[in-house]
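Working notes, beginning with the structure itself.
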Amino acid sequence: MFRLLRLVNRLALGLAGLVLLCAGGVVLAVGEAWSVPSWWPYSGPHDTLLSRADRYRWRGDGWFWPVVIAALAVLLVLALWWLLAQLRRARLPEVVVDSGDGEGARVRGRALEDVLERETEAHDGVARARALLTGHRRRAPAARMRVLLEPYAAPEETLDRVAGETLVHARDSAGLDSLPAEIRLRAARHRAERVR
């Protein structure tokens, strides 16, 4: 779902950019009275987007307005779907843990996120940690973590401990085959120390 949404976002953005670029080119060419090809719809700065004849051409046809309304309704539904997909949270609500009985136990995603955050914050040099479980399947979650480092922390060492200890503990305790993670490190702001 999220890959599809990302693809739709990129296509919509690219299409909107192309339309705006073409429209800007048309306006610039016509406004500057540059020579344009004979098939060009506008040839001078006083041309209108739709002439009177164009506006009344389909007025008498019975199929025209239902098609226009149906096309606008489809566009509205697609726009609403896109908007709701943007607002939907990417958080995984629960993870299924293998309990050995074939059924599995459900663990709240927020509980596993809290454990990841607390264990990460227990490492030396970590000021604060935030975790978010993502993914489309409850048996194959992924983690996104943001870690705020103290000024004295060694980023490489902290990253190794989070990836090699915290994530491994979470993966093993939940009985997961893997727990892919994206970890973003950021240093806490601090005042410069004076050297005397």
Side-chain angles (χ1 to χ4, degrees), residues 1-18 73-194:
M1 176 70 177
F2 294 108
R3 286 183 184 169
L4 176 66
L5 182 60
R6 194 177 309 147
L7 177 67
V8 169
N9 283 344
R10 289 180 180 169
L11 286 175
L13 187 62
L15 186 62
L18 185 63
V74 167
L75 285 175
L76 177 66
V77 168
L78 287 174
L80 288 174
W81 170 81
W82 178 81
L83 178 64
L84 291 173
Q86 301 303 316
L87 297 176
R88 185 176 166 202
R89 297 179 73 174
R91 175 172 277 159
L92 196 63
E94 60 184 23
V95 176
V96 175
V97 177
D98 185 13
S99 58
D101 60 0
E103 299 245 343
R106 295 179 183 175
V107 175
R108 283 185 33 240
R110 188 64 212 151
L112 193 53
E113 291 169 356
D114 286 341
V115 169
L116 283 169
E117 290 171 3
R118 275 194 243 120
E119 189 170 343
T120 302
E121 288 172 354
H123 294 312
D124 185 41
V126 175
R128 188 174 65 241
R130 293 291 170 258
L132 177 72
L133 285 182
T134 62
H136 309 298
R137 295 181 303 149
R138 298 178 302 170
R139 292 186 185 271
R144 271 194 231 149
M145 297 186 68
R146 291 185 308 181
V147 180
L148 183 66
L149 300 176
E150 297 286 0
Y152 62 86
E156 185 176 354
E157 182 181 320
T158 304
L159 181 62
D160 288 343
R161 291 187 74 187
V162 171
E165 295 176 20
T166 306
L167 289 169
V168 169
H169 292 161
R171 183 196 67 206
D172 292 345
S173 66
L176 300 170
D177 294 330
S178 67
L179 182 59
E182 173 186 319
I183 304 170
R184 295 185 181 195
L185 303 177
R186 191 170 57 101
R189 294 185 182 187
H190 63 284
R191 292 183 180 182
E193 296 181 9
R194 289 189 176 182

N/O donor-acceptor pair under 3.5 Å between Glu113 side chain and Leu133 backbone: yes
Backbone of Ala131 reached by a side-chain donor or acceptor of Glu117 within 3.5 Å: yes
For [X] versus [Y], what's the shortest heavy-atom pair and its separation?
| X | Y | result |
| --- | --- | --- |
| Thr120 | Met145 | OG1-CE, 3.2 Å |
| Val168 | Ala163 | CG2-O, 3.7 Å |
| Pro141 | Pro180 | O-CD, 3.6 Å |
| Arg171 | Asp177 | CD-O, 3.8 Å |

What distance separates [X] [atom1] from [Y] [atom2], expressed to the nearest 0.5 Å?
| X | Y | atom1 | atom2 | answer |
| --- | --- | --- | --- | --- |
| His123 | Thr166 | NE2 | OG1 | 3.0 Å |
| Leu116 | Arg130 | CG | CZ | 12.5 Å |
| Asp172 | Leu179 | CG | CG | 10.0 Å |

Enumerate donor-acceptor pairs with a distance under 3.5 Å from any side-chain N or O in residues 149-162 to protein atoms, sequence neighbours excluded.
residue	atom	partner	partner atom	Å
Tyr152	OH	Asp124	OD1	3.4
Thr158	OG1	Ala154	O	3.0

Set of side-chain hydrogen bond (donor to acceptor under 3.5 Å, both in side chains) partners for Asp114, sequence neighbours left out: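 Arg110.
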Ionic contact status for Arg106 with Glu94, cut-off 4.0 Å: yes
Val147 and Arg184: CA distance, side-chain angles, deciding distance, side-chain contact (heavy atoms from CB on, under 4.5 Å) verdict: CA-CA 6 Å; Val147 180; Arg184 295 185 181 195; over 6 Å; no
CA sep, side-chain torsions, deciding dist, call: Glu119, His169, side-chain contact (heavy atoms from CB on, under 4.5 Å): CA-CA 9 Å; Glu119 189 170 343; His169 292 161; 2.5 Å; yes
Arg146 atom CZ, neighbour heavy-atom count above 12 within 6.0 Å: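 Counting neighbours around CZ of Arg146, 12 or fewer heavy atoms of other residues, nucleotides or ligands fall under 6.0 Å, so no.
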Pairing residues for Arg186 by the side chain to side chain contact (heavy atoms under 4.5 Å, CB included) criterion, not counting sequence neighbours: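 In terms of side chain to side chain contact (heavy atoms under 4.5 Å, CB included), with neighbours along the sequence ignored, Arg186 is linked to Arg128, Leu148.
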